[in-house]
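The structure appears right after this line, and notes come after that.
This structure is a prediction, so every number in the text was calculated from the model and none was measured. Note on naming: letters A, B, ... go to the chains in the order of the sequence lines (proteins, then strands), and numbering restarts at 1 for each one.
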There are 2 protein chains.
Amino acid sequence: METAGTTGTAPQAVRAVSRPGLRERKKRRTRYALLRSALELFTTQGYENTTVDEIAEAVDVSQRTFFRYFGGKEDVALAVQEMVEAHFVDSLRARPPGEPPLEALRRAVLEGWDTISDAVGTVVPVELYLRMFRVIESTPVLLAAQLRRSAETEEQIARLLAEREGLDVDADPRPRLAVAVFGAVMRVTSRQWSAVEDAGLEAMRELTAAYLDQVGPALTGNWRTTLRR
Amino acid sequence: METAGTTGTAPQAVRAVSRPGLRERKKRRTRYALLRSALELFTTQGYENTTVDEIAEAVDVSQRTFFRYFGGKEDVALAVQEMVEAHFVDSLRARPPGEPPLEALRRAVLEGWDTISDAVGTVVPVELYLRMFRVIESTPVLLAAQLRRSAETEEQIARLLAEREGLDVDADPRPRLAVAVFGAVMRVTSRQWSAVEDAGLEAMRELTAAYLDQVGPALTGNWRTTLRR
DNA sequence: GAGGCTAATGACAGCCACTGACAATTGACA
DNA sequence: TGTCAATTGTCAGTGGCTGTCATTAGCCTC
């Protein structure tokens, strides 16, 4: 394959189909090395007990270089989570336009969990991601940052759904409300999942489905009359 | 009044009914002075452009003293917000036990807004609180911290409601789900309110009621069929 | 009302996250 | 191969935050 240039002809065009050039490759390698080292340190020693210098040293670059790759310590910690959310948004975009919004959200999320390793596995082992998930959930600063980022993603999704349905987000509150409610359920799910020792991806999937089913009952008023098993 | 000691007899007992003693009074004064100066500076120059030294200097205490009164810069910024949330929890506790949970939440919040000045007014002018509200909403770090704190309050409320209804929070997901959904609506409301220039307390109250009414419609599937005015 | 006790404060010193500026190095491309 | 631009390391500095210790100032007892 790659029947492109025979040497010396349009090297940047060749790059586009073959490889990104040494410089780019090196950069990606450093970035991933920093990311992996950071997560490894965070998950073993804890986030607060890990300094940026330590991370940089583990990859053998200067502290300054670390800050050229990531906006800050929080950013490395949440980098994978960010990829995961982007993955969800992608799988939502892929949903058929006819599908009702909440249905689309539900399916997109469940499908997202099923294909999570496609989005994450190439960068860090999925198992490391899951461990980091718990660290985030149990580290106040990180949880805070994470909640804020989720809020941004929600806004993005609200706009997406509004467009799908031909509504104006600023005039009609329903898209934002629905997405916020959905996000709230997702957060309760994450929290619950992370509280269970050794819970894996399947557990996450099941919890998600179960909790989404419970929202209806939870909102229909009287909790004492219905199931109390 | 105060038929207590005629001098020299059990001064601490007298204190309990009259005043907290010079030391305590002085402390409260410093704390409030720091709080007010901080909010004043935050709302005029912005949170990021204000240093802790500046705040301390405005009250004429050392930076170290500032950190003895508040856990950090974020804490001053969110101190009033914290009082407000406690105020909501209180007004929820005051709800009649027979009331269905979501009904109680709704009424507690609306009532909370009506009596907000009781909870805040004695410490800072309500107007300053409202200005600070917007600063929080538009400052990423503060918004993050605020979201995390809200999550904690939600957990607290979920336990409260569960107890009221005789449920076990860890066995039955419905309390947490309902509270999370409710909280999500509140957040959308706050966000929307803060986006409107010069919106006052009444606007907040109205928005709250309106959005709570919209949740039902927002969740019942098809947005295209229903109102599109 | 003098003196002892303890809480509150100030003054350093130091850690860590983060940033700007400048010089040295190293791919990229002609 | 030499020029150009991107990447990196070094250094210096800011701001949030903490531990430590000496000093000050309410409080309480005799």
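- As a whole-Å value, the separation of A:Glu54 CD from C:dA17 C1' is 14 Å.
- Residue B:Arg25 contributes atom CZ, which lies 15 Å from atom P of C:dA8 at whole-angstrom precision.
- Between the side chain of B:Lys73 and the backbone N or O of B:Thr50, at least one donor-acceptor pair lies under 3.5 Å.
- Judged by distance alone, with hydrogens and angles left aside, the side-chain atoms of B:Glu54 form a donor-acceptor pair with the main-chain N or O of B:Thr51 at under 3.5 Å.
- Using a 4.0 Å cut-off between charged nitrogen and carboxylate oxygen, A:Asp170 and A:Arg176 count as a salt-bridge pair.
- With sequence neighbours left out, the side-chain hydrogen bond (donor to acceptor under 3.5 Å, both in side chains) criterion links A:Glu40 to A:Arg131.
- Comparing atom distances between the B:Lys26 side chain and each of C:dG27, C:dT9, D:dA25 picks out D:dA25 as nearest.
- One can place CD of B:Glu24 at 17 Å from P of C:dT6, the figure rounded to the nearest angstrom.
- For the salt bridge (charged side-chain N to carboxylate O under 4.0 Å, His left out) test, no residue two or more places apart in sequence or in another chain qualifies with B:Arg31.
- OP1 and OP2 of D:dT7 both lie 4.0 Å or more from every side-chain N or O belonging to A:Tyr69.
- One interatomic measurement links the two molecules: CG of A:Asp60 to C1' of D:dT8, which rounds to 12 Å at whole-angstrom precision.
- Between the C1' atom of C:dT9 and the CD atom of B:Glu57 lies a distance of 17 Å, rounded to the nearest Å.
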Exercise. Which letters describe nucleotides 10-20 of chain D, given B = protein heavy atom under 4.0 Å from base, S = only from sugar-phosphate, - = neither?
Worked result: B----SSBBBB
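- The pair B:Glu155-B:Arg159 meets the salt-bridge criterion, since a charged nitrogen lies less than 4.0 angstrom from a carboxylate oxygen.
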